[in-house]
Engineer: 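Shown below is the structure under consideration.
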Amino acid sequence: MPQGSSSYLIMIVSIVLIGIMMWWQSRKAKQQQKMKDFRSSLEPGTEVITIGGIIGKVVSVDEEYEEIVIDSEGSLLRFTFRAINKEYTRPAFIHDDEVEDAEQTDEADDQAQVPVDKALETAENATQSDDSAQTADAEK
């Protein structure tokens with residue numbers, strides 16, 4: 001390989017790496033800004049979850065010291081803003097009885113469904129028996 005083409009290759013690889021690093025930094029800056037906006041919008045009554053998994057309602061926010069107090073089942077806990085991960089939304093709860101009922105319905109549906117091959121065989125048998133019945137009626 002000539003000396004000139006290898007220097008072009010090194011230059012192209014360097015430019016691509018610099019582009020990737022710039023893209024990564026801009027993405028990281030957007031995520032940091034989003035978290036900063038979320039933390040500045042916290043107000044009492046908002047349910048949050050911490051990075052440690054503690055769930056509670058915001059009681060007070062101290063923006064001067066960047067601290068937040070949350071109430072988790074009667075316990076008041078104080079955290080820094082950075083310890084708050086996201087707003088908590090309770091997942092939908094499905095009772096075990098509802099799941100069992102749904103499974104039984106699915107089993108009944110599965111039994112009611114007939115594979116295509118069996119359905120075709122049944123249809124062919126029915127048409128053959130109809131043909132033979134029509135032939136017997138014609139002979140009478």
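Numbering starts at 1 and runs along the sequence shown.
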Engineer: Quick check: do Ile49 and Lys86 have side-chain heavy atoms less than 4.5 Å from each other?
Structural biologist: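 They are in contact (side-chain heavy atoms under 4.5 Å apart), so the answer is yes.
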
Engineer: With Glu67, which residues qualify under salt bridge (charged side-chain N to carboxylate O under 4.0 Å, His left out), at least two apart?
Structural biologist: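 Testing Glu67 for salt bridge (charged side-chain N to carboxylate O under 4.0 Å, His left out), a comparison that skips the adjacent residues, returns Arg78.
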
Engineer: Considering only heavy atoms from C-beta outward, does the side chain of Gln25 approach that of Lys28 to under 4.5 Å?
Structural biologist: yes

Engineer: State which residue, out of Arg39, Gln33, Lys34, fulfils the side-chain hydrogen bond (donor to acceptor under 3.5 Å, both in side chains) condition with Asp37.
Structural biologist: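 So the option named by the test is Gln33.
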
Engineer: Do you reckon Leu17 sits in the same ILVMFWY cluster as Ile12, going by side-chain contacts under 4.5 Å, direct or chained?
Structural biologist: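 In one cluster with Leu17: Ile12, no.
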
Engineer: Please indicate whether Gln31 has more than 12 foreign heavy atoms, meaning atoms of other residues, nucleotides or ligands, lying under 6.0 Å from its CD.
Structural biologist: yes

Engineer: Considering non-hydrogen atoms only, spot the tightest contact between Ile54 and Ser72 and give its length.
Structural biologist: CG2-OG, 3.9 Å

Engineer: Rounded to the nearest 0.5 Å, what's the gap from OG on Ser6 to CE on Met11? Could you check?
Structural biologist: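 That separation rounds to 11.5 Å.
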
Engineer: Hey, does Val61 have a side-chain heavy atom less than 4.5 Å from the side chain of Glu63?
Structural biologist: yes

Engineer: Would you kindly confirm whether Leu77 and Val48 end up in one hydrophobic cluster when ILVMFWY residues are joined by side chain heavy atoms under 4.5 Å apart?
Structural biologist: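 Hydrophobic grouping puts Leu77 with Val48.
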
Engineer: Among Ile68, Val69, Ile70, exactly one meets side chain to side chain contact (heavy atoms under 4.5 Å, CB included) together with Ser60. Which residue is that?
Structural biologist: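 That would be Val69.
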
Engineer: Whether the side chain of Thr46 engages the backbone of Leu42 through a donor-acceptor N/O pair (distance < 3.5 Å, no angle test) should be reported.
Structural biologist: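 It does not hold such a pair.
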
Engineer: Mind checking who shares a hydrophobic cluster with Tyr65, ILVMFWY linked at side-chain heavy-atom distances under 4.5 Å?
Structural biologist: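 Its cluster mates, by chain and number: none.
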
Engineer: Which heavy atom of Phe38 sits nearest a heavy atom of Asn85, and at what distance?
Structural biologist: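 Residues Phe38 and Asn85, closest heavy atoms: CE2-O, 4.3 Å.
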
Engineer: Minimum heavy-atom separation for Phe79 and Ile84, please, with both atom names.
Structural biologist: CB-CD1, 4.5 Å

Engineer: If you look at every heavy atom in Asp62 and Phe81, which pair is closest and at what distance?
Structural biologist: O-CZ, 4.2 Å

